[in-house]
Enquirer: 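Have a look at this one.
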Amino acid sequence: MYLMDYHHHTNHSFDSTASMAEVCKKAIENQIQEICFTEHFSVNPLAPTYGHMVFEKYLNEIRYCQEKFHSQLIVKAGIELCEPHLLKDQYDEILQPLNLDFILGSVHNLNNQKLRLALKDGHPTAYERYFIELYQMVSTADIDIIAHFDLIKRYAYKDHGLYDFHEYQEIIEQILKKAIDRNIGIEINTSGLRTGLKQTLPSLEVIQLYKELGGEILTIGSDSHTAESVGANLTDALSLAKDCGFNYICKFAKGKPIPVKI
């Protein structure tokens, strides 16, 4: 089985202290064949991620790891963008010359508020606001994959409970149809399996709906921020993908999805 982790953070992200080389070593130990680093990046001065990324340093370290581990591990250069539909011109200006392998798009903030705060300030409408923002992102942003599709549940489930899929099915379907129209995929993000949430992001119902609507571009990522959890629950995610009818997951090279048989 070809194991790939297409969502991982290191000390090039504001919320991780992991060493890229140590992550690669651990990936090899865990029999992972391919990893894509997806560091947080924002051009919004109000976002927590702003000002941390230094692309020259990041890409130099990617090249170092590609050379050092070339016979044991494929290393790809990616990025996770915060609200990439906002300030789009600024993102394009910085990213286009870099020719990255892979771009994740995320909604981490609503109206410049972290999702946790958005839940506190207006829980009854927070899920709706989140999915509307996700639709806006997928309608205009230049991304390859929607990261952790229903991320807001990570912060909501303890105090407010999980959302009812059927209550939000219409807007979720609109998001997925728009993604398919624009050749944007989704990921199975395993981070929720390592918390009390005990679910992937997105949930089974969203993955099934994506498949039913004709979606084919699917990646799997641990969303790990430590070397120790690189590749966590990848086999669980592969089993889930198969259960939902997928025969392939994707890896990426310079923004192009490449199917890999499960």
Enquirer: Can you find a heavy atom in the side chain of Ile249 that is under 4.5 Å from one in the side chain of Ile262?
Expert: yes
Enquirer: I'd like to know if the side chain of Thr195 reaches the main chain of Leu197, judged simply by a donor and an acceptor atom lying under 3.5 Å from each other, with no hydrogens or angles considered.
Expert: yes
Enquirer: Could you walk me through whether Phe102 and Thr38 pass the side-chain contact (heavy atoms from CB on, under 4.5 Å) check?
Expert: CA-CA 8 Å; Phe102 183 62; Thr38 54; 3.8 Å; yes
Enquirer: Considering only heavy atoms from C-beta outward, does the side chain of Phe252 approach that of Lys256 to under 4.5 Å?
Expert: no
Enquirer: With the side chain counted from C-beta on, respond yes when Cys36 and Lys251 share a heavy-atom pair under 4.5 Å apart, and no when they do not.
Expert: no
Enquirer: Taking the side chain as C-beta and beyond, is there a heavy-atom pair between Val206 and Leu176 under 4.5 Å?
Expert: yes
Enquirer: For side-chain contact (heavy atoms from CB on, under 4.5 Å), just list the numbers for Leu151 and Tyr130, CA-CA rounded to whole Å, side-chain angles, deciding distance to a tenth of an Å, and then say yes or no.
Expert: CA-CA 9 Å; Leu151 173 66; Tyr130 173 81; 3.6 Å; yes
Enquirer: Checking Asp223 side chain against Asn189 main chain: does a donor-acceptor pair fall under 3.5 Å?
Expert: no
Enquirer: Within the structure provided, determine whether Ile145 and Tyr6 are in side-chain contact (heavy-atom separation under 4.5 Å).
Expert: no
Enquirer: Would you call Lys76 and Asp5 a salt bridge, taking side-chain N to carboxylate O under 4.0 Å as the test?
Expert: no
Enquirer: Quick one: closest heavy-atom pair of Ile146 and Ala179, and the distance?
Expert: CD1-CB, 4.1 Å
Enquirer: Can you see which heavy atom on Ala141 is nearest to which on Pro84, and at what distance?
Expert: CB-CG, 3.8 Å
Enquirer: In the single-linkage hydrophobic clustering (I, L, V, M, F, W, Y; side-chain heavy atoms under 4.5 Å), do Ile180 and Ile188 co-cluster?
Expert: yes
Enquirer: Does some side-chain heavy atom of Gln136 sit less than 4.5 Å from a side-chain heavy atom of Glu133?
Expert: yes
Enquirer: Is the shortest distance from a Lys or Arg side-chain nitrogen in Lys26 or Glu22 to a carboxylate oxygen in the other one below 4.0 Å?
Expert: no
Enquirer: Is there a donor-acceptor contact under 3.5 Å from the side chain of Thr190 to the main chain of Ala232?
Expert: yes
Enquirer: Flag this pair as yes if the NZ/CZ of Lys211 is under 6.0 angstrom from the six-membered ring centre of Phe246 and inside a 45 degree cone about the axis; otherwise no.
Expert: yes
Enquirer: Below 4.5 Å, heavy atoms only, C-beta onward: do Cys24 and Cys65 meet side chain to side chain?
Expert: yes
Enquirer: Just do the salt bridge (charged side-chain N to carboxylate O under 4.0 Å, His left out) check on Lys177 and Glu173 with the steps written out, would you?
Expert: CA-CA 6 Å; Lys177 284 181 175 178; Glu173 187 166 327; 3.2 Å; yes
Enquirer: Hey, are Arg154 and Ser191 close enough side-chain-wise for a donor-acceptor pair under 3.5 Å?
Expert: yes
Enquirer: Please lay out, stage by stage, how Asn111 and Arg129 fare under the test side-chain contact (heavy atoms from CB on, under 4.5 Å).
Expert: CA-CA 10 Å; Asn111 195 26; Arg129 289 172 57 210; 4.3 Å; yes
Enquirer: Membership question, hydrophobic clusters at under 4.5 Å side-chain separation (ILVMFWY): are Met1 and Ile74 in the same one?
Expert: yes
Enquirer: Does a donor on one side chain sit under 3.5 Å from an acceptor on the other, for His166 and Glu205?
Expert: no
Enquirer: For the residue pair Ala253 and Ile258, what are the closest heavy atoms and their distance?
Expert: CB-CD1, 3.9 Å
Enquirer: Taking side chain to side chain contact (heavy atoms under 4.5 Å, CB included) as the criterion, tell me which of Ile220, Leu104, Leu218, Ile207 meets it with Glu187.
Expert: Leu104
Enquirer: Taking a hydrophobic cluster as the set of Ile, Leu, Val, Met, Phe, Trp and Tyr residues connected by side-chain heavy atoms closer than 4.5 Å, whether directly or through intermediates, do Leu3 and Leu240 fall within one such cluster?
Expert: yes
Enquirer: Inspect the contact between Asp142 and Lys88 and indicate whether a charged nitrogen and a carboxylate oxygen are less than 4.0 angstrom apart.
Expert: yes
Enquirer: Of the non-hydrogen atoms in Glu61 and Ala21, which two are nearest, and what is the gap between them?
Expert: OE2-N, 4.4 Å
Enquirer: Indicate whether the side chain of Glu216 and that of Tyr248 have a donor and an acceptor atom separated by less than 3.5 Å.
Expert: no
Enquirer: Could you walk me through whether His52 and His40 pass the ring-ring contact (aromatic ring centres under 6.0 Å, His included) check?
Expert: CA-CA 9 Å; His52 190 88; His40 292 295; 9.6 Å; no
Enquirer: Has His8 got a side-chain atom pairing as donor or acceptor with Met20's backbone, closer than 3.5 angstrom?
Expert: no
Enquirer: Answer with yes or no whether the side chains of Thr10 and Glu39 bring together a donor and an acceptor at under 3.5 Å.
Expert: yes
Enquirer: Testing Asn112, Thr49, Asn109 for side-chain hydrogen bond (donor to acceptor under 3.5 Å, both in side chains) with Asn44, which one passes?
Expert: Asn112
Enquirer: Is the distance between the ring centroids of Phe37 and His12 under 6.0 Å?
Expert: no
Enquirer: Do you know which two heavy atoms are closest between Cys244 and Leu204, and how far apart they sit?
Expert: SG-CD1, 3.4 Å
Enquirer: Counting distance only, does the side-chain N/O of Glu83 pair as donor-acceptor with the main-chain N or O of His108 below 3.5 Å?
Expert: yes
Enquirer: Hydrophobic clustering (ILVMFWY, side-chain heavy atoms < 4.5 Å, transitive) - are Ile132 and Ile172 grouped together?
Expert: no
Enquirer: Centroid-to-centroid, Tyr163 to Phe131, below 6.0 Å?
Expert: yes
Enquirer: Can you see whether Ser13 engages Ser16 through a side-chain donor-acceptor pair at a distance of less than 3.5 angstrom?
Expert: no
Enquirer: Checking side-chain contact (heavy atoms from CB on, under 4.5 Å) for the pair Ile35/Val230: CA distance, chi angles, key distance, verdict?
Expert: CA-CA 9 Å; Ile35 188 169; Val230 60; 3.7 Å; yes
Enquirer: Considering non-hydrogen atoms only, spot the tightest contact between Met137 and Val107 and give its length.
Expert: SD-CG2, 4.1 Å
Enquirer: Under a plain distance cut-off of 3.5 Å, with no hydrogens placed, do Asp15 and His225 share a side-chain donor-acceptor pair?
Expert: yes
Enquirer: Would Tyr135 and Tyr210 show up in the same hydrophobic cluster when neighbours are defined by side-chain heavy atoms closer than 4.5 Å?
Expert: yes
Enquirer: Check this for me: does any side-chain nitrogen of one of Asp150 and Lys153 sit under 4.0 Å from a carboxylate oxygen of the other?
Expert: yes
Enquirer: Side chain to side chain contact (heavy atoms under 4.5 Å, CB included) with Gln96: which of Leu100, Asp92, Leu98?
Expert: Asp92
Enquirer: Side-chain contact, heavy-atom cut-off 4.5 Å: Tyr155 with Lys114?
Expert: no
Enquirer: Out of curiosity, Arg182 CZ to Asp144 CG, how far, rounded to the nearest 0.5 Å?
Expert: 11.0 Å
Enquirer: Are Phe41 and Tyr50 close enough that their ring centres sit under 6.0 Å apart?
Expert: no
Enquirer: Indicate, with yes or no, if the rings of His148 and His7 have centres closer together than 6.0 Å.
Expert: yes
